[in-house]
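Input: one structure, supplied below.
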Amino acid sequence: MSIKVYNTLTGKKEVLQPVEEGKIRMYVCGPTVYDLSHIGHARSAVSFDVIYRYLAYRGFDVNYTRNYTDIDDKIIARANKDGTDWREIAERYIKAFDEDMEALGVVLPTHRPRATETMDKIIELIEVLIQKGYAYVTDGDVYYSVRRFADYGKLSGKNIEELESGARVEVDERKKDPLDFALWKASKPGEPWWTSPWGRGRPGWHIECSAMCLKWLGTTIDIHGGGKDLVFPHHENEVAQSEAATGKPFARYWLHNGFVNIEKEKMSKSLGNILNIRDVLRGHTSESVRLFLLSSHYRSPIDYSEDSLREAEAKAERFYRTLDRIEKERPETSKTAVDKGIEEELMAPILEAMDDDFNTAAAIGKVFEEVTRANRLMDRGDEAAGMELRAMLSVFKKTAGFLGVFGKRPQEYFDERKERVALPAEEIERLIEERNEARRNRDYRRADAIRDELKDKGIILEDRPDGTVWTVRG
RNA sequence: GGCGGCGUACCCAAGUGGCUAAGGGAGCAGUCUGCAAAACUGCCAUUCAGCGGUUCGAAUCCGCUCGCCGCCUCCA
C-alpha cells in the first residue's frame, strides 16, 4: 500500500516516496502574526494536521515544522497603529493562534520556529546567494536576481516573460529588474533591525521559510505545504532561493489547500467578511468545525455558511448518538478483545480513501456506512453482532486518531453542546420533571406545551424507555 | 491578456475508463411512540452543464460551447 499525493510541482498525483525511507520531513507555512487567525488559517492548519497525523499513523517518522512569521511589514504597521511595540503584537497573536489551534484540536507540530529566532541562518543564506551571484546589494537592501535562476516559474507554471509584461509588478529603482524580490530590507528610522553584513535591516518575507526549512529539516524536504495562494510568489521564491543556494532540490512534494469562501464570496478585508476562528467557535463546537472542514477534499474550495455548519453539527450528532448507543446497549463491547480480521476489513476502505491524497470526505463517508450498519445490527437485536460492533468501535477510535473528529466521549460531546443553550440545566430538568408528571396524569396538552416551549429554545426531548433525555439542536 | 481549476440529486459532497453513481442534510411514506424525538425500512440522479468524438465500454479520456471561480499584487 502506498500513499498518493497531488503535487503542485508536477500537476499530478504521485506515490509519496520520501528522501529517507520511513521518514517524512514536512514544512508548512504558518501565520504572519499581526491579527487574529481566520477560518482560512483554520482550514490550512486542520488539513495539514490531518496529513501529519495520518502519515504518523501510517508509520512514518514525521518531522513536521510550521513557522510563525513574527517580523513583517504588517506587524510593524499594526504596532504603529496600536502604538505598541512590534514584539508585543507578535507575541499577542502567536498566543492567540496557539489558543485557536488548541481549541480546534490541532496537534503541535514537531518544531515551531520563529523567523526572528532564525536570523543567523537567514543571513548566512543571503550571503551564500550573494557569493554565488544570485543576489546583489543596493543601499543596504539585498535583492534576488530572478533571471539568474533558470528554473524560475517551475512551481507556479509561470514564465518570466509573461510576468515581465504584467503591468502590476511594482517598479522600484533599486531593483535591477522589476521581478527581483527583497531578501533583506534596510531598516528605516524607528523600524526594528538586526545587524547584517549589509547594515541594519530585516529579512524579506520569503527567505525566512527557506532558512527555517534548511535549519530544521535539511536540504531536500519531502513535503512543503500551505494555502493555494502561496504558490506564487511565496513558494516560487522559496524554491528559487533554496535551490540556488544549495544546488539541490528544495521540496519533492508541494501540497496546497483550497480556499474558504464565506457565503460564496472570497474572504477579504475590503469586503469585511473575515471570519475569525474564535468567532466561529463561539457559535459552533470545534468538532463540527473540523467535520465541516474535512467533509470536502482539502484541495477544493469550500463555502462557509451557517447551513453547512449546521449540517456538520448534525453529522457529529448522528455519530455520537450511535457511539453512545453502542456503549450503552452493548457494554460487553468495551471488554472483549477485537477481532483483528474484522477490524482490518472495516478499516481497509477508510485507509484506501486516506491513501488517495488524504481523501477525508470519502473516509468520513465510510465511517457513516458503519454507523448505519451499527444501528441496524442493534435494531435487529442481533446477539451475534458483538464482534462486529467491537471492531467498529476500534475502527472509529483509530480513524479519530488521524481525523481529529469522532474521538470524544459521547457525553463530552453532548455536554459541550448543552453548554451552548440559553437555559440553565436545572431549569430544563425541572421542566422535564413537570412534563413527566403531566404525562403520568395523561395531561398531554400540558406535556406537549412544555416540549414545544423547550423546542423553541433548541432543546429536543426524547422519551426513552429508561427516561427522558434532552439534546441540543441548531 | 497569461496560467490553473471547477460544473455530480432540492442542498452539501465522494467517485476520474467496466461491480447497483459513496456519505451527510432536507423531504415524503412506514415501523416504533400517548403524540413526538431518535433509530430502522422504503422512496428520492437510467444519469453526472451542453454538444460531438475516442473506446467493446466514459461522470471519468479528447475537442468545442456555455456558466462559475482562483492565481498573475499582501493574502491560508
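So that the names make sense, note that chain A is the first sequence line, chain B the second, and so on, each numbered from 1. Computed from heavy atoms alone, side chains included, the values below leave out hydrogens, waters and symmetry copies.
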Point to revise | Member of A/Arg114, A/Glu208, A/Arg112 meeting the side-chain hydrogen bond (donor to acceptor under 3.5 Å, both in side chains) criterion with A/Asn67 | key: A/Glu208
Review point. How far, in whole Å, is B/U16 from B/C11 if one measures between their P atoms?
Key: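 Comparing P positions in B/C11 and B/U16 gives a spacing of 23 Å.
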Check your understanding: Does A/Thr360 have a side-chain nitrogen or oxygen under 4.0 Å from the phosphate oxygens OP1 or OP2 of B/A13?
Key -> no
Check your understanding: Using atom P of each nucleotide, how far apart are B/C48 and B/A9 to the nearest Å?
Key -> 10 Å
**Study point:** Rounded distance in Å between the P positions of B/G23 and B/C44
**Key:** 14 Å
**Study point:** Pairing partner (Watson-Crick or G-U wobble, both distances under 3.5 angstrom) of B/G23
**Key:** B/C12
Exercise for review: For B/C51 versus B/A58, give the span between their P atoms, rounded off to a whole number of Å.
Suggested key: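 So the two P atoms sit 15 Å from each other.
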Point to revise | Out of B/A14, B/A76, B/C74, whichever nucleotide has its closest atom nearest the side chain of A/Trp205 | key: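 The nucleotide sitting nearest to the side chain is B/C74.
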Exercise for review: Select base, sugar-phosphate, or nothing to describe what A/Ala314 touches, counting heavy atoms under 4.0 Å on all strands.
Suggested key: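 Sugar-phosphate, backbone atoms only, no base.
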Exercise for review: Please determine, for the side chain of A/His41, which listed nucleotide (B/C74, B/A76, B/A37) has the closest atom?
Suggested key: B/A76
Point to revise | Phosphate OP1/OP2 of B/C40 contacted by A/Arg318 side-chain N/O (<4.0 Å) | key: yes
Review point. When rounded to the nearest Å, what value does the distance between C1' atoms of B/G57 and B/C19 take?
Key: 14 Å
Check your understanding: Of A/Asp73, A/Asp72, A/Asp70, which is the lone residue that meets salt bridge (charged side-chain N to carboxylate O under 4.0 Å, His left out) with A/Arg202?
Key -> A/Asp73
Exercise for review: With A/Lys74 as the cation and A/Tyr34 as the aromatic partner, state whether NZ or CZ is under 6.0 Å from the six-membered ring centre and within 45° of the axis.
Suggested key: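 Relative to the ring axis of A/Tyr34, which defines the angle, A/Lys74 lies inside both limits.
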Practice item. In whole angstrom, give the distance that lies between atom CD of A/Glu462 and atom C1' of B/C32. Key: 13 Å
Practice item. Looking at every strand, decide which applies to A/Arg66 at a 4.0 Å heavy-atom threshold: base, sugar-phosphate, or nothing. Key: nothing
Check your understanding: Is there a donor and acceptor pair closer than 3.5 Å between the side chain of A/Arg439 and the base of B/G34?
Key ->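 Side chain to base: pair found, below 3.5 Å.
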Practice item. For A/Asn375 and A/Thr322, indicate whether the former's side chain and the latter's backbone hold a donor-acceptor pair under 3.5 Å. Key: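 Checked: no pair found.
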Exercise for review: Please round to the nearest 0.5 Å and tell me the distance separating atom CZ of A/Arg435 and atom CG of A/Asp443.
Suggested key: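 Answer for the CZ-CG pair, A/Arg435 versus A/Asp443, is 11.5 Å.
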Check your understanding: Just checking A/Ser300: base, sugar-phosphate only, or nothing, at a heavy-atom cut-off of under 4.0 Å?
Key ->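 Here A/Ser300 touches the backbone only, sparing every base.
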Check your understanding: Is there a side-chain polar atom (N or O) of A/Asn159 under 4.0 Å from OP1 or OP2 of B/C3?
Key ->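 Checking B/C3 against A/Asn159, no side-chain N or O comes under 4.0 Å of OP1 or OP2.
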Exercise for review: Report the base-pairing partner of B/G63 (Watson-Crick or G-U wobble, both distances below 3.5 angstrom), or none.
Suggested key: B/C51
Check your understanding: So what does A/Gly40 hit on the nucleic acid, given a heavy-atom distance under 4.0 Å: a base, only sugar-phosphate, or nothing?
Key -> base
Exercise for review: Take the protein atom CG of A/Asn261 and the nucleotide atom C1' of B/C69, then report the distance between them rounded to whole Å.
Suggested key: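 Spelled out: CG on A/Asn261 to C1' on B/C69 is 8 Å.
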Point to revise | Strand partner of B/G57, provided both Watson-Crick or wobble distances fall under 3.5 Å | key: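 None - no nucleotide pairs with B/G57, as no candidate has both distances under 3.5 Å.
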Review point. Atom CG of A/Asp356 and atom P of B/U16: how far apart are they, to the nearest Å?
Key: 7 Å
Check your understanding: Does any nucleotide pair with B/G70 by Watson-Crick or G-U wobble geometry, both distances under 3.5 Å, and what is it?
Key ->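 By the stated definition (distances under 3.5 Å), B/C3 pairs with B/G70.
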Check your understanding: Considering only side-chain heavy atoms of A/Asp463, which listed nucleotide, B/C75, B/G15, B/C35, is closest?
Key ->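 Of the options given, the side chain of A/Asp463 lies nearest B/C35.
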**Study point:** Euclidean distance for P, B/C35 against B/A26 (whole angstrom)
**Key:**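 The same atom, P, in both gives a distance of 23 Å.
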Check your understanding: Which nucleotide in the set B/A76, B/A37, B/G34 lies at the smallest distance from any side-chain heavy atom of A/Thr32?
Key ->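 Nearest nucleotide to the side chain: B/A76.
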**Study point:** No-hydrogen, no-angle side-chain donor-acceptor test under 3.5 Å, A/Glu327 and A/Thr333
**Key:**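 Their side chains do not contain a donor-acceptor pair, so the 3.5 Å distance test is not met.
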**Study point:** Complementary nucleotide of B/C75, counting Watson-Crick and G-U pairs under 3.5 Å
**Key:**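 The answer is none; no pair meets the criterion.
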Point to revise | Sugar-phosphate only, base, or nothing, as touched by A/Arg43 at under 4.0 Å among non-hydrogen atoms | key: nothing
Point to revise | Side-chain N or O of A/Arg376 closer than 4.0 Å to phosphate OP1/OP2 of B/U41 | key: yes
Exercise for review: Can you figure out which of B/A37, B/A76, B/C12 approaches the side chain of A/Lys264 most closely?
Suggested key: B/C12
Review point. For the side chain of A/Asn375, counting heavy atoms from C-beta on, which of B/A38, B/C35, B/C40 is nearest?
Key: B/C40
Point to revise | Identified pairing partner of B/A29, criterion: Watson-Crick or G-U wobble below 3.5 Å | key: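 Check on B/A29: paired to B/U41, both distances under 3.5 Å.
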Exercise for review: Answer with base, sugar-phosphate or nothing: what part of the nucleic acid does A/Met378 contact at a heavy-atom distance below 4.0 Å?
Suggested key: nothing
**Study point:** B/C43 and B/C56, which share atom name P, separated by this distance in whole Å
**Key:**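 Nearest-Å result for B/C56 against B/C43 at atom P: 36 Å.
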Review point. Taking atom C1' of B/G25 as reference, at what distance in whole Å does atom NZ of A/Lys315 sit?
Key: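 Rounded to whole Å, this separation is 8 Å.
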Review point. Does the base of B/C35 carry an N or O that pairs as donor and acceptor with the side chain of A/Arg451 under 3.5 Å?
Key: yes
**Study point:** Length of the NZ-P vector between A/Lys12 and B/U16, whole Å
**Key:** 18 Å
Practice item. Assess whether one donor atom and one acceptor atom, taken from the side chain of A/Glu311 and the base of B/G24, lie less than 3.5 Å apart. Key: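 Present.
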Review point. Looking for any heavy atom pair under 4.0 Å, which part of the strands does A/Thr372 touch: base, sugar-phosphate only, or nothing?
Key: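 Sugar-phosphate contact only - A/Thr372 comes under 4.0 Å of backbone atoms but never of a base.
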Check your understanding: With sugar-phosphate meaning primed atoms plus P, OP1 and OP2, does A/Val260 contact a base, only sugar-phosphate, or nothing at under 4.0 Å between heavy atoms?
Key ->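 Here A/Val260 touches the bases of the nucleic acid.
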Check your understanding: Only one of A/Phe250, A/Phe181, A/Phe232 clears ring pair (Phe, Tyr, Trp, His ring centres under 6.0 Å) with A/His206; which?
Key -> A/Phe181
Point to revise | Nucleotide nearest A/Ala447 when distance is taken to its side chain, options B/G34, B/C75, B/A38 | key: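 Looking only at heavy atoms from C-beta outward on A/Ala447, the closest nucleotide is B/G34.
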Check your understanding: Quick one: do A/Arg446 and A/Glu434 make a salt bridge, cutoff under 4.0 Å?
Key ->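 Yes.
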Check your understanding: Nearest to the side chain of A/Asp379 - B/A39, B/A76, B/C71?
Key ->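 The listed nucleotide nearest to A/Asp379's side chain is B/A39.
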Review point. Which is true for A/His297 with a 4.0 Å heavy-atom rule: it touches a base, it touches only sugar-phosphate, or it touches nothing?
Key: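 Since only primed, P, OP1 and OP2 atoms lie under 4.0 Å of A/His297, the category is sugar-phosphate.
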Review point. Within the structure shown, what part of the strands sits under 4.0 Å from A/Ser308 by heavy-atom distance: base, sugar-phosphate, or nothing?
Key: nothing
Exercise for review: Can you tell me, in whole Å, how much space there is between the C1' of B/A21 and that of B/A45?
Suggested key: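 After rounding to an integer number of Å, I get 8 Å for this pair.
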**Study point:** G-U wobble or Watson-Crick pairing nucleotide for B/G34 (cut-off 3.5 Å, both distances)
**Key:** none
Review point. Where the side chain of A/Lys266 is concerned, which of B/A13, B/G34, B/C75 is the nearest nucleotide?
Key: B/C75
Check your understanding: A/Phe181 CZ to B/C75 C1': how many Å, rounded?
Key ->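 Rounding to the nearest Å, CZ of A/Phe181 and C1' of B/C75 are 17 Å apart.
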Review point. Does a donor on one side chain and an acceptor on the other come within less than 3.5 Å for A/Tyr93 and A/Arg78?
Key: yes
Exercise for review: Please work out if A/Gly11 contacts a base, only the sugar-phosphate, or nothing of the nucleic acid, heavy-atom cut-off 4.0 Å.
Suggested key: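 Nothing, no heavy atom under 4.0 Å.
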Point to revise | Sugar-phosphate only, base, or nothing, as touched by A/Leu461 at under 4.0 Å among non-hydrogen atoms | key: base
Check your understanding: A/Tyr444 on top of B/G34's base, within under 5.5 Å and under 30°?
Key -> yes
Review point. Out of curiosity, A/Leu461 CG to A/Trp470 CH2, how far, rounded to the nearest 0.5 Å?
Key: 9.5 Å
Exercise for review: Check every atom of B/A14, B/A76, B/C75 against the side chain of A/Leu230 and return the nucleotide holding the closest atom.
Suggested key: B/A76
